[in-house]
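In what follows, a structure is listed as structure tokens, so that the remarks can point back to it.
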Amino acid sequence: MAAAAALGREGGEDAFRRLFRFYRRRDASELRGVLDFSAPGGQVFRSHLSISSVSDQDASRAGLQPVSRWKAYGLNGYPGFIFIRNPFLPGCQRHWVKQCLKLYTQKPNVCNLDLHMAPEKTIDLWGQSKEQLRRKGSSKCEPRSLLEKLRWVTLGYHYNWDTKKYTPNHHTPFPSDLAFLSEQVAAACGFQGFQAQAGILNYYHFDSSLGIHVDESELDHSRPLLSFSFGQSSIFLLGGLKREEAPTAMFMHSGDIMVMSGFSRLLHHAVPRVLPNPEGTALPSCLDQALPSDLPAGSVIEQSSEEDWQVCAKYLQSSRINMTIRQVLAEGQNFPEESGTEIKGQAPSEDGYHQENGRAKRHRANTDS
């Protein structure tokens with residue numbers, strides 16, 4: 001903690017970048033100062049939720065515990081930031097992992113592999129990868145499957161990495177199950193009527209990071225940014241309106257949800273490091289349980305085969321998946337006429353890159369909150 005705080009006060013390079021590099025180091029051992037919401041300290045307080053806004057039935061249909069049982073926290077100095085410790089019902093995280101790997105990767109959704117592969121090569125990433133993943137051993141010399149090369153997928157309004165804009169002419173239907181989940185979480189946090197219009201899914205490995213950025217491309221900043229994490233853990237840095245402000249470091253574990261709203265909606269943030277889950281097992285224990293056979297009526301959660309889960313589990317042994325969901329437009333708002341047409345390409349700035357082993361990649365993710 002002391003070493004990280006001292007770095008944040010040094011002159012020269014901005015405070016956020018210094019701490020990003022500090023936590024990015026593969027041999028970094030100074031993690032005692034990283035907030036862990038499983039044992040919240042003095043900077044943390046319990047956040048009040050709108051329990052009556054989400055019925056227990058609707059929460060269950062989304063795979064969530066009753067809102068009255070959620071453990072939600074805020075942070076001093078970060079109004080509008082809410083951290084919810086794994087509110088998912090047993091087995092339900094598995095549904096979202098499978099969707100992110102098997103369903104949401106399908107066309108017409110867009111992924112980083114589309115930028116440098118022929119369209120017919122990216123139609124069925126799951127089908128092309130599942131056998132390779134199932135057989136995969138521990139050798140680093142084995143070739144990576146297409147799913148392991150995946151870095152991002154966009155849903156709904158597809159983010160243009162060049163212009164940093166959404167446009168009305170590059171839109172595909174948003175997944176109904178993910179929209180329902182997002183609506184319940186937003187309502188519980190006091191944002192009734194939230195519309196899930198765009199999603200960016202980020203796929204990380206132990207050598208991945210996400211650079212410093214602000215999520216400001218949405219035309220309506222009054223609605224929250226929702227972030228869901230599954231698989232291995234990570235360090236998340238939440239900073240200020242300027243990069244000169246030193247960020248607060250916190251752990252994100254499987255099933256955790258973060259909500260950035262109000263003042264915190266436009267703060268700088270980053271993910272410098274992905275870490276093995278703190279239990280020391282291949283997968284966190286919250287992913288051990290299978291779905292119950294008696295899902296509630298109208299549930300958006302689907303049963304999956306044991307074969308499918310084994311592929312997902314093998315992937316997650318060295319990976320983390322993050323879903324960030326946004327409302328792009330306010331009710332009745334339209335895109336400005338100067339939005340222009342969709343231009344495909346990739347020339348992203350350094351801070352938006354997914355990075356591996358310190359090398360910036362030519363595919364990138366936008367957020368990971």
Side-chain angles (χ1 to χ4, degrees), residues 79-81 104 107-112 114-115 151-176 178-183 185-187 189-202 210-228 238-243 258-270 322-354 362-369:
F81 175 79
Y104 300 158
K107 299 306 170 211
N109 298 329
V110 181
C111 72
N112 62 285
D114 296 325
L115 302 179
R151 290 297 173 268
W152 54 261
V153 167
T154 54
L155 312 171
Y157 286 113
H158 297 282
Y159 187 73
N160 185 317
W161 304 107
D162 288 332
T163 64
K164 295 186 169 70
K165 291 182 179 180
Y166 300 95
T167 53
N169 59 323
H170 197 198
H171 174 269
T172 55
F174 194 93
S176 59
L178 185 51
F180 186 76
L181 169 68
S182 303
E183 289 161 7
V185 172
C189 294
F191 296 94
Q192 292 204 21
F194 175 85
Q195 299 177 49
Q197 296 174 336
I200 298 179
L201 315 181
N202 285 326
L210 184 71
I212 307 163
H213 66 280
V214 175
D215 292 294
E216 57 188 358
S217 299
E218 295 73 33
L219 276 67
D220 179 19
H221 295 153
S222 70
R223 310 304 273 172
L225 179 76
L226 310 180
S227 172
F228 304 83
L238 180 62
L241 295 173
K242 298 180 180 179
R243 286 173 49 144
M258 290 199 307
V259 179
M260 296 173 69
S261 67
F263 172 80
S264 294
R265 177 64 177 77
L266 296 175
L267 297 183
H268 288 83
H269 52 280
N322 177 263
M323 311 186 300
T324 58
I325 313 304
R326 314 100 188 290
Q327 179 169 333
V328 177
L329 300 167
E331 187 75 31
Q333 186 178 21
N334 296 313
F335 286 96
E337 292 183 5
E338 63 270 21
S339 291
T341 57
E342 171 67 16
I343 303 172
K344 290 188 178 181
Q346 71 272 25
S349 62
E350 176 188 356
D351 285 344
Y353 283 131
H354 254 305
R362 292 297 291 175
H363 43 253
R364 75 170 201 169
N366 180 46
T367 95
D368 179 88
S369 310

**Asked** With under 30° as parallel and over 60° as perpendicular, where do the rings of Trp161 and Trp152 fit, or are they tilted in between?
**Response**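 It falls in the tilted class, 30° to 60°.
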
Where the side chain of [X] meets the backbone of [Y], is there a donor-acceptor pair that is under 3.5 Å apart?
X: Ser182; Y: Leu178; value: yes
X: Asp220; Y: Val328; value: no
X: His268; Y: Gly240; value: yes

How long is the straight-line distance from [atom2] of [Y] back to [atom1] of [X], given to the nearest 0.5 Å?
X: Phe194; Y: Cys189; atom1: CZ; atom2: SG; result: 10.5 Å
X: Thr324; Y: Ile200; atom1: OG1; atom2: CD1; result: 5.0 Å
X: Tyr166; Y: Ser217; atom1: OH; atom2: OG; result: 6.0 Å
X: Leu225; Y: Glu216; atom1: CG; atom2: CD; result: 12.5 Å
X: Phe81; Y: Arg265; atom1: CZ; atom2: CZ; result: 13.5 Å
X: Leu226; Y: Gln327; atom1: CG; atom2: CD; result: 10.0 Å

Side chain to side chain, [X] and [Y], heavy atoms closer than 4.5 Å:
X: Ser222; Y: Phe191; value: no
X: Tyr159; Y: Lys165; value: no
X: Thr172; Y: Leu155; value: no
X: Leu201; Y: Cys111; value: no
X: His158; Y: Asn109; value: yes
X: Ile325; Y: Gln197; value: no
X: Phe335; Y: Leu329; value: yes

Open item on the list: Between Thr167 and Asn160, does the side-chain contact (heavy atoms from CB on, under 4.5 Å) criterion hold? Intermediate values first, please.
Closed with: CA-CA 8 Å; Thr167 53; Asn160 185 317; 5.9 Å; no

For His171, give me all partners under ring pair (Phe, Tyr, Trp, His ring centres under 6.0 Å), at least two apart in sequence or on another chain.
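Once residues adjacent in sequence are excluded, the partners of His171 under the ring pair (Phe, Tyr, Trp, His ring centres under 6.0 Å) criterion are Tyr157.
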
### Task
Check the pair Lys107, Asp114 against salt bridge (charged side-chain N to carboxylate O under 4.0 Å, His left out), reporting the backbone distance first and the verdict last.
CA-CA 10 Å; Lys107 299 306 170 211; Asp114 296 325; 2.8 Å; yes

Would you name the heavy atoms of Pro79 and Ser264 that are closest together and state the gap between them?
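Looking at all heavy atoms of both residues, the closest pair is O-OG, 2.8 Å.
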
Check your understanding: Does Lys242 have any salt bridge (Lys or Arg N to Asp or Glu O under 4.0 Å) partners at least two apart in sequence or in another chain, and if so, which?
Key ->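 Salt bridge (Lys or Arg N to Asp or Glu O under 4.0 Å) check on Lys242 returns nothing, list empty.
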
Item to check | Step-by-step side-chain contact (heavy atoms from CB on, under 4.5 Å) determination, Leu267 to Leu241 | outcome: CA-CA 5 Å; Leu267 297 183; Leu241 295 173; 3.7 Å; yes

Go through it in stages, so that I can follow the logic: the residues are Arg223 and Glu331, the test is salt bridge (charged side-chain N to carboxylate O under 4.0 Å, His left out), and I'd like the CA-CA distance, side-chain angles, deciding distance and then a yes or no. CA-CA 11 Å; Arg223 310 304 273 172; Glu331 187 75 31; over 6 Å; no

When the ring centroid of His213 is compared with that of His269, is the distance short of 6.0 Å?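 That pair passes the under 6.0 Å test.
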
